[in-house]
S.K.: 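After the structure tokens below, expect a handful of questions from me.
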Amino acid sequence: MTQLIKVWDISGGIHPPENKAQSLLEPLATLAIPPQLVLPLNQHIGAPAKVLVEVGQQVLGGQLLAEADGVFSAHVHAPTSGTVTAITDHVVPHPSGMTDTCIILDTDGEDRWLALDEAPNYQDIDKTALLERVRAAGITGLGGAGFPTAVKLNPRANQTIDTLIINGTECEPYITADDILMQNRAQEVIAGTQILSTLLGNPSRVVIGIEDNKPAAIATMRDAAAGTTIEVVSFPTKYPSGGEKQLIQILTGQEVPAGQIPASIGIVCQNVGTTAAVYRAVRFGEPLVKRITTVVGEALERQRNIEVLLGTPIEFILEQHGYSEKKASRLVMGGPMMGFSLPDTSVPLIKTTNCILAPSRKELPPPEPAQACIRCGMCAEACPADLLPQQLFWYAQSEDLEKLEAHNLFDCIECGACSFVCPSHIPLVQYYRAAKGEIRQHRSDKEKSDRSRRRFEFRQERIDKEEAEKEAKRLARKKAAELAKKKLAEQKAAAPATEQNAPAAQPATTAADDDKQRAKLERLLAAAQDSLKQAQKPQDDATEEQLEKQQARIKQAELKLAAARDKLAALAPASTVPPAASKPVADDPVSAAIERAKAKMAMAPEEKLRTTLESLYKRLTKAEQKAREAREQASDNAEALEQGVAKLKEKIASNQKELSELAPTSVAEPTPRNSATPEAEVNVANDAASQAIEKAKARAAAMGTMSVADKLRNQVESLEARLEKSQARLLKAQADNDANLDAFKTGVEKLEVKLAATREQLAEHNE
Amino acid sequence: MLETIAQHPIASALIALIGLALVFGALLGYAAVRFKVEGDPLVEQIDTLLPQTQCGQCGYPGCKPYAQAIANGDAINKCPPGGQTTINELAALLDVEAPTLDEEHGEESDIPTVAFIREDECIGCTKCIQACPMDAILGAAKQMHTVIADECTGCDLCVEPCPVDCIDMIPVASGIRQWSWELPAASHKQVANLIATDSGRGHTQRNTSDAS
Ligand code: SF4
Ligand code: SF4
Ligand code: SF4
Ligand code: SF4
């Protein structure tokens with residue numbers, strides 16, 4: 001069959017020796033179940049999966065061992081039945097040779113499986129369910145990096161996919177896993193392709209691309225695809241046509257823009273192995289627990305393709321193939337161009353392992369020492385991504401990250417074509433990989449430093465604000481102290497110094513012109529008080545409902561009363577207190593104390609009780625309702641809830657009692673109205689408040705006038721009080737055997753020292 | 001009009017030029033006022049290059065003051081946390097030769113660290129909170145304190161104030177997910193185990209396949 005479909009060419013590329021024949025001599029074989037499987041939690045790109053099993057747990061084949069952590073992650077299933085013997089750090093296949101968390105599964109050899117959720121009529125399943133089946137099977141790209149397949153099959157809403165490409169290129173030397181898969185299971189690949197096509201909304205073009213060095217695979221695939229709209233395209237062999245972007249260019253002539261994914265130009269690419277796995281997942285509900293891998297190299301007695309369980313230790317595979325450590329120059333996972341050396345034969349086979357290469361020294365000798373770049377330009381000719389490898393090398397050497405990015409380092413697919421052709425044997429790709437890591441690190445550092453700057457600036461702002469506030473307060477205090485001093489001096493001048501302690505407390509003089517207004521207000525006050533009294537009277541033998549109504553009435557009366565008092569109070573200071581004292585300074589402690597005292601006055605004790613009572617009622621109704629519900633549902637909490645209700649009732653009762661006791665006295669208190677002169681009335685009403693005011697003022701004044709000795713005495717007193725308190729705390733800490741005992745002790749000691757010092761000072765002063 | 005121009009070519013040319021000068025002058029003057037840049041852009045630019053560790057090793061109370069000092073002509077090689085990379089970037093920005101790090105201010109360390117409070121020893125004195133320029137320590141008086149590792153820049157400033165010495169600087173976790181390739185060593189002798197980057201591979205492979 002001649003090919004009529006046009007294919008394009010990529011720039012660059014090389015023709016390394018293929019070395020594919022040796023592994024194709026034997027048919028595909030299935031490897032036995034090894035005694036132990038090592039399953040890394042992170043076999044894909046993205047977040048590691050979260051462990052669901054415990055050490056010692058018996059598991060069946062196909063059971064979920066670890067679930068995907070977020071979208072960019074993939075499930076890990078048990079490849080066979082056995083016991084989880086450890087969840088621990090183990091060397092994993094990674095170029096770093098480092099360890100990572102793995103589930104260790106001791107197999108029992110019985111290979112018992114969970115019942116799988118088969119779907120013989122999978123053609124009828126809708127897209128969401130299909131995607132869910134793919135996700136549930138933990139499928140990731142089997143060809144290269146191991147990108148979670150479900151993510152790739154779920155393009156963004158604004159990306160319509162018009163071309164689906166199935167990648168059967170397998171351009172890297174030695175590897176034949178995809179080749180043998182297509183030869184043996186062409187039907188599965190085709191069926192999988194159809195499923196993918198459905199998932200992507202039936203793109204207009206579906207192509208399977210295969211290099212022309214696999215004639216057998218091409219033939220079987222063409223047969224299998226007969227009668228479908230799937231095109232099977234072959235194109236000339238060249239490394240690296242299997243790169244995603246390269247293959248897209250070969251099959252469609254389109255170029256994926258730098259830094260973007262193929263979906264941005266309406267193309268999705270999937271590997272043939274992944275496609276077959278998708279079919280098995282959808283049709284049979286089979287999770288991804290095994291794959292086909294090429295085992296090849298002259299250090300082995302047997303070279304072939306095997307189907308093997310994920311997690312099988314490489315040493316087990318090597319044993320089965322007559323590996324001779326003496327002959328091998330190294331052990332490679334992946335192909336000779338893009339693979340990496342394995343540090344250890346105990347590493348397991350994972351989802352992305354398409355080849356295990358054990359070459360002899362003759363096959364793959366150690367690299368020759370690198371020489372200086374002679375600027376021959378062969379690397380630029382070989383580069384499939386149209387980069388200038390020699391320039392990149394230059395900048396990577398001098399760590400010029402900016403220039404590297406400007407020369408599109410991130411378009412480099414690390415194919416190794418450049419280092420392959422370089423006559424100076426420069427390990428170019430390693431430079432690029434290192435530089436990429438450096439740039440990524442740099443980017444994240446930048447991000448962090450930006451965040452740090454914001455945090456630091458924010459903190460600075462906050463501290464500045466605090467400082468400013470403190471400064472303002474300090475100024476205000478100073479001003480108040482000065483004022484008090486001045487006032488004191490004035491008073492001293494005006495009157496003999498008998499009333500030193502209460503300079504401003506006497507609302508002494510009354511302005512005559514306010515008399516009328518005050519009289520009116522007093523009448524109002526009296527009326528309000530009367531109605532309050534009335535409302536409160538029949539309280540003792542009232543039912544709850546009545547009580548509530550009454551309380552509302554009381555409230556109203558009280559509000560009126562408070563308003564009247566407020567007015568009166570407002571009138572009083574305006575006319576009675578000397579102007580200097582009434583001038584409120586915003587943050588002055590004296591006026592703050594006054595405010596507080598006023599506020600307290602507004603809330604009489606009985607009112608306070610009443611508010612508590614009200615809130616208690618509310619809580620009671622809620623609690624009762626809850627208890628009822630709980631009882632209806634026969635919940636365990638019912639009893640506890642009922643207890644709560646009982647307690648609430650008790651509290652209410654005690655509160656009511658208190659209220660009834662309080663009510664007559666507190667109402668009686670502010671009503672000596674017949675006898676009082678206007679001034680007295682004001683004084684009584686403002687009693688508590690004015691006391692507090694007086695105290696605060698006295699303190700402020702005293703601060704200014706106190707002698708040094710007095711100050712010291714005060715200090716001693718407060719220190720003594722503090723010491724007493726800390727000692728008590730220390731005792732308690734000792735009793736509780738507190739962890740901070742030492743801290744408490746040092747605190748007490750410090751206080752003692754301070755106290756002694758102050759006392760000494762005082763003694764000195766008294767002398 | 002045309003006649004006057006024709007008769008006094010030099011005068012009219014002069015007038016035209018003066019007119020243009022006035023118009024553009026006004027335009028530029030307006031633009032300078034209208035699009036005035038707040039702050040000193042050079043200081044801002046320098047500040048973005050500094051690592052924002054706020055450690056004070058440069059001798060200034062933070063990165064911004066050092067940025068200001070650089071703008072005023074101070075040396076650019078006083079920041080150890082930034083190291084050579086930062087010096088290079090600063091040199092590129094200011095268009096000067098990049099000096100090496102001034103060892104007097106400390107050495108560049110390859111291993112980033114974060115503070116770690118041994119929580120059972122913390123007495124909750126809040127001293128470290130006050131010292132941390134990043135607000136990266138969480139705690140209250142008499143409560144155990146802890147460091148938000150993600151926000152900690154490893155500046156070291158909290159270690160000294162702690163009265164019970166319960167703060168350690170520990171290296172940032174460097175696991176498999178933080179790993180990245182290193183540049184090949186100059187001699188390439190120890191790269192014997194690297195594969196994709198093996199330069200000699202292709203040639204010998206060709207030889208073997210020729211032989212077989
Ligand atoms: S490794 Fe990068 S630079 Fe070298 S040939 Fe491949 S794509 Fe080009
Ligand atoms: S092939 Fe090697 S020697 Fe030639 S220019 Fe590229 S890096 Fe330099
Ligand atoms: S030494 Fe560097 S990181 Fe530390 S404060 Fe100075 S500029 Fe900032
Ligand atoms: S926690 Fe300590 S080391 Fe970290 S940023 Fe704050 S003060 Fe610096």
Side-chain angles (χ1 to χ4, degrees), chain A residues 14 16-17 19 92 94-96 98-100 173 330 332 336-341 362-370 396-397 399 402 414 416 419-422 424-431 433-438 440-442 445 448-453 455-456 458-459 739-740 743, chain B residues 47-54 62-64 82 84-85 88-89 92 112 120 123-125 132-136 142 150-151 153 163-164 174-184 186-189 191-212:
Chain A
I14 50 172
N19 282 316
V92 292
H94 189 269
S96 69
M98 287 182 173
T99 59
D100 199 3
R330 75 199 78 169
V332 177
M337 304 298 291
M338 297 181 73
F340 53 89
S341 294
K362 227 171 80 200
E363 236 180 334
L364 218 65
E368 286 169 49
Q397 245 183 340
E399 298 193 38
E402 243 171 69
E414 301 176 17
S419 20
F420 180 81
V421 297
C422 176
S424 291
H425 315 302
I426 303 174
L428 293 164
V429 182
Q430 204 192 340
Y431 280 98
R433 285 177 173 165
K436 280 184 185 175
E438 183 86 3
R440 284 195 198 105
Q441 182 64 41
H442 199 69
D445 282 356
K448 174 150 191 199
S449 89
D450 282 344
R451 209 175 51 208
S452 299
R453 183 180 313 108
R455 275 183 91 87
F456 181 64
F458 187 75
R459 178 173 193 264
N740 293 337
Chain B
D47 194 35
T48 45
L49 295 182
L50 293 175
Q52 305 301 323
T53 308
Q54 316 291 0
C63 300
K64 189 77 173 277
Q84 198 60 43
T85 338
N88 290 348
E89 285 173 345
D120 43 347
I123 55 168
C125 68
C132 177
M134 236 67 270
D135 279 345
K142 303 241 174 73
D150 275 351
E151 303 297 351
T153 59
V164 290
S174 58
I176 199 162
R177 270 166 276 282
Q178 280 82 32
W179 180 87
S180 97
W181 289 86
E182 300 214 338
L183 281 181
S187 66
H188 301 312
K189 277 204 182 103
V191 294
N193 264 332
L194 293 166
I195 173 67
T197 53
D198 294 347
S199 50
R201 175 186 54 235
H203 308 274
T204 19
Q205 262 181 349
R206 240 172 242 152
N207 294 346
T208 38
S209 55
D210 285 349
S212 61

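Chain identifiers are assigned alphabetically (A, B, ...) following the order of the sequence lines, protein sequences preceding nucleic acid strands; residue numbering begins at 1 within each chain. Side chains are part of it too, since the values below use all heavy atoms of this structure and drop only hydrogens, waters and symmetry mates. Everything numeric in this text was worked out from a predicted model, so none of it was measured.
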S.K.: Could you state the interatomic distance from CE (B:Met134) to CZ (A:Phe456), rounded to the nearest 0.5 Å?
M.R.: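 So the gap between those two atoms works out to 6.5 Å.
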S.K.: Whether A:Arg459 and B:Asp135 form a salt bridge (side-chain N of Lys/Arg under 4.0 Å from carboxylate O of Asp/Glu) is what I want to check.
M.R.: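 Yes, this pair counts.
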S.K.: I'd like to know if B:Glu151 and A:Arg451 make a salt bridge, using a cut-off of under 4.0 Å between side-chain N and carboxylate O.
M.R.: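 The answer is yes: the pair qualifies as a salt bridge.
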S.K.: Do A:Ser96 and B:Trp181 touch side chain to side chain, with heavy atoms closer than 4.5 Å?
M.R.: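 With C-beta onward as the side chain, the pair stays apart.
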S.K.: Go through the structure and list residues passing side chain to side chain contact (heavy atoms under 4.5 Å, CB included) with B:Gln84, not counting sequence neighbours.
M.R.: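 Testing B:Gln84 for side chain to side chain contact (heavy atoms under 4.5 Å, CB included), a comparison that skips the adjacent residues, returns B:Ile87, B:Asn88, B:Thr100, B:Glu108.
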S.K.: Which atoms of B:Asp120 are under 4.5 Å from chain A, going by heavy atoms: the side chain, the backbone, both sets, or neither?
M.R.: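 Neither part.
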S.K.: What part of B:Leu50 lies closer than 4.5 angstrom to a heavy atom of chain A: side chain, backbone, both or neither?
M.R.: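 B:Leu50 touches chain A through backbone heavy atoms alone.
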S.K.: For the CZ atom of A:Arg453 and the CD atom of B:Gln54, what is their distance to the nearest 0.5 Å?
M.R.: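 Rounded to the nearest 0.5 Å, the CZ-CD separation comes out at 8.5 Å.
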S.K.: Against chain B, work out which of A:Gly437, A:Ser449, A:Ala396, A:Ala435 has the most heavy-atom pairs shorter than 4.5 Å and name it.
M.R.: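 Going by pairs under 4.5 Å, I would pick A:Ser449.
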S.K.: Taking only residues two or more places apart in sequence or in another chain, which ones pass salt bridge (Lys or Arg N to Asp or Glu O under 4.0 Å) with A:Asp445?
M.R.: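 Once residues adjacent in sequence are excluded, A:Asp445 has no partner under the salt bridge (Lys or Arg N to Asp or Glu O under 4.0 Å) criterion.
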S.K.: So do the side chains of B:Leu183 and A:Glu438 get within less than 4.5 Å of each other, counting heavy atoms only?
M.R.: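 No. Closest side-chain heavy atoms not under 4.5 Å.
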S.K.: So do B:Ile176 and A:Val92 actually touch side chain to side chain, heavy atoms under 4.5 Å?
M.R.: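 In short, these two side chains touch, coming nearer than 4.5 Å.
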S.K.: Given a strict heavy-atom distance threshold of 4.5 Å, which part of B:Cys132 is in contact with chain A: side chain, backbone, both, or neither?
M.R.: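 Interface part for B:Cys132: backbone (N, CA, C, O).
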S.K.: Between A:His442, A:Glu402, A:Arg440, A:Lys436, which shows the greatest number of heavy-atom pairs under 4.5 Å with chain B?
M.R.: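 When all of A:His442, A:Glu402, A:Arg440, A:Lys436 are compared, A:His442 has the most.
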S.K.: Under 4.5 Å, counting heavy-atom pairs only, tell me which of B:Ser180, B:Pro51, B:Pro133, B:Gly62 racks up the most with chain A.
M.R.: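 It is B:Pro133.
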